[in-house]
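Only one structure is covered here, and it is reproduced in the block below.
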Amino acid sequence: MSKEPDRLFAQPLPQVPDFAFNEDVVRVFPDMIKRSVPGYPTIVENLGVLAAQFAQPNSVLYDLGSSLGAVTQALRRHVRTDGCRVIAVDNSAAMVERCREYLNGQDSMFQELLPVEVIEGDILALQFQPASVVALNFTLQFIAPDERLALLSRIRQSLLPGGALILSEKLRFNDPEEHTLLTDLHIAFKRANGYSELEIAQKRSAIENVMKPDSLEEHRERLLAAGFSKVVPWFQCLNFASLIALP
Ligand SMILES: Nc1ncnc2c1ncn2[C@@H]1O[C@H](C[S@+](CC[C@H]([NH3+])C(=O)[O-])CC(=O)[O-])[C@@H](O)[C@H]1O
Ligand SMILES: O=C(O)C(=O)Cc1ccccc1
């Protein structure tokens, strides 16, 4: 994994452009996500453990919005179920290119890993195959809000009995006091990880047009509307959470 530190927003920018998953972001992404998302390493590692409980023989495990394939690597490390394969999908060409390199690296270091296919494409246009695990690890928040229900409904339709969707997201909170407290604590987390006030402010303005978090209640309602029968939060650290949704 690239060890390059994230300094993308360290210098004052005359105008902060909208955040995009381009080559500059790809270069620093492992550092950026670890220093920006409290609990990220715990979520990724445990996603593999969870997936192993839901994986069904001869089915697909999807990693949607796979970025550099951290979730895909965890799935391949933990799932041993017969006939499973991983399909990782991302619409950033720069992410997909580097993801394939990292997965080749994983293949050369470990034996008996699940087969994997990395697709460069829009998850909104994907034809889903029968799946036992679908991971949306901090991806749904980048999908246009009016597309989210239809996507979750298609995922629900593709899920096999015994399978699960694992959905991780940044949350907003309807209670203003709770929202402010957890947002301030998230800023303190970023500061503690070496980000300056300028970096925090410029990153915030870069993502505010492209990343639209929902509340836990909105997630639950929409997942039920999409046909899921049960929604179980299994992790929360500050304003970041991960949910298990059962078909
Ligand atoms: N419509 C779309 N179709 C496909 N990919 C998309 C789309 N929209 C956004 N993406 C992709 O979703 C990913 C979101 S990052 C996921 C982290 C990863 N899951 C991880 O566990 O390391 C989250 C973050 O950076 O906060 C990016 O790679 C986008 O290109
Ligand atoms: O950086 C932030 O404040 C975030 O909310 C998370 C994030 C992490 C990586 C890319 C975009 C957003």
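Just follow the structure's listing: the first ligand is 1, and inside any ligand the first atom is 1. Values reported hereafter were calculated over all heavy atoms of this structure, with side chains retained and with hydrogens, waters and symmetry mates removed. Just so you know, these numbers come straight off a predicted model, no measurement behind them.
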Suppose we measure from [atom] to each protein heavy atom; which comes out shortest, and what is that distance?
| atom | value |
| --- | --- |
| atom 24 (C) of ligand 1 | F142 CE1, 3.6 Å |
| atom 8 (C) of ligand 2 | K203 NZ, 3.7 Å |
| atom 23 (C) of ligand 1 | F138 O, 2.9 Å |
| atom 3 (N) of ligand 1 | I123 N, 3.0 Å |
| atom 21 (O) of ligand 1 | N137 ND2, 2.9 Å |
| atom 2 (C) of ligand 1 | N91 ND2, 3.3 Å |
| atom 5 (O) of ligand 2 | K170 NZ, 2.8 Å |
| atom 1 (N) of ligand 1 | D122 OD1, 2.8 Å |

- Query: Does ligand 1 have any atom that is closer than 4.0 Å to a heavy atom of S168?
  - Reply: no
- Could you tell me whether ligand 1 has any atom less than 4.0 Å away from a heavy atom of M32? no
- Query: Does ligand 2 have any atom sitting under 4.0 Å from a heavy atom of R204?
  - Reply: no
- Does I33 come within less than 4.0 Å of ligand 2, judged by its heavy atoms? no
- How many angstroms lie between CZ in R191 and OH in Y195, if you round to the nearest 0.5 Å? 14.0 Å
Would you confirm whether [X], through its side chain, and [Y], through its main-chain N or O, come within 3.5 Å as a donor-acceptor pair?
| X | Y | value |
| --- | --- | --- |
| D18 | A20 | no |
| Q56 | F54 | yes |
| Q141 | K170 | yes |
| D90 | S66 | yes |
| T139 | L64 | yes |

- Message: Is the positively charged end of R77 above the ring of F110, judged by distance under 6.0 angstrom from the centroid and angle within 45° of the axis?
- Response: no
- Message: I need the minimum non-hydrogen distance between R35 and N193, along with the two atoms involved.
- Response: NE-O, 2.8 Å
Only heavy atoms count here, so choose which of [options] is nearest to [atom].
| atom | options | value |
| --- | --- | --- |
| atom 6 (C) of ligand 2 | I200, V37, V28 | V37 |
| atom 25 (O) of ligand 1 | F240, F21, Y40 | F21 |
| atom 19 (N) of ligand 1 | G65, A20, S67 | G65 |

Using a strict cut-off of 4.0 Å, indicate which atoms of ligand 1 neighbour a heavy atom of [X].
| X | answer |
| --- | --- |
| G121 | 3 (N), 4 (C) |
| V71 | 21 (O) |
| Q141 | 26 (O) |
| S92 | 30 (O) |

- Message: Would you say CG of D82 has more than 12 non-hydrogen atoms from neighbouring residues, nucleotides or ligands within 6.0 angstrom?
- Response: no
Applying a heavy-atom cut-off of 4.0 Å, say which part of [X] lies close to ligand 1: side chain, backbone, both or neither.
| X | result |
| --- | --- |
| D90 | both |
| M211 | neither |
| I143 | side chain |

Donor-acceptor contacts, no H, no angles, side chain residues 224-232, under 3.5 Å, sequence neighbours left out:
unit_1 : atom_1 : unit_2 : atom_2 : d
S229   : OG     : L246   : O      : 3.4
S229   : OG     : P247   : O      : 2.9

- Query: At a non-hydrogen distance cut-off of under 4.0 Å, which region of I207 contacts ligand 2 (side chain, backbone, both, or neither)?
  - Reply: side chain
- Task: Using distance alone, decide if ligand 1 has a nitrogen or oxygen within less than 3.5 Å of any nitrogen or oxygen in D63.
- Result: no
- Task: Answer yes or no: is there a side-chain heavy-atom contact under 4.5 Å between H219 and L140?
- Result: yes
- Task: Under 4.0 Å from a heavy atom of K190: give me the atoms of ligand 2 that qualify, with their elements.
- Result: 1 (O), 2 (C), 3 (O)
- With heavy atoms of M211 as the reference, note each atom of ligand 2 found under 4.0 Å away. 5 (O), 12 (C)
- Assess whether side chain to side chain contact (heavy atoms under 4.5 Å, CB included) is satisfied between Q73 and Y102, documenting all intermediate values. CA-CA 9 Å; Q73 291 207 22; Y102 285 148; 3.7 Å; yes
Indicate the ring-plane relationship of [X] and [Y], choosing parallel, tilted or perpendicular according to the 30° and 60° boundaries.
| X | Y | answer |
| --- | --- | --- |
| Y62 | F128 | perpendicular |
| F21 | F19 | perpendicular |
| F173 | H179 | tilted |

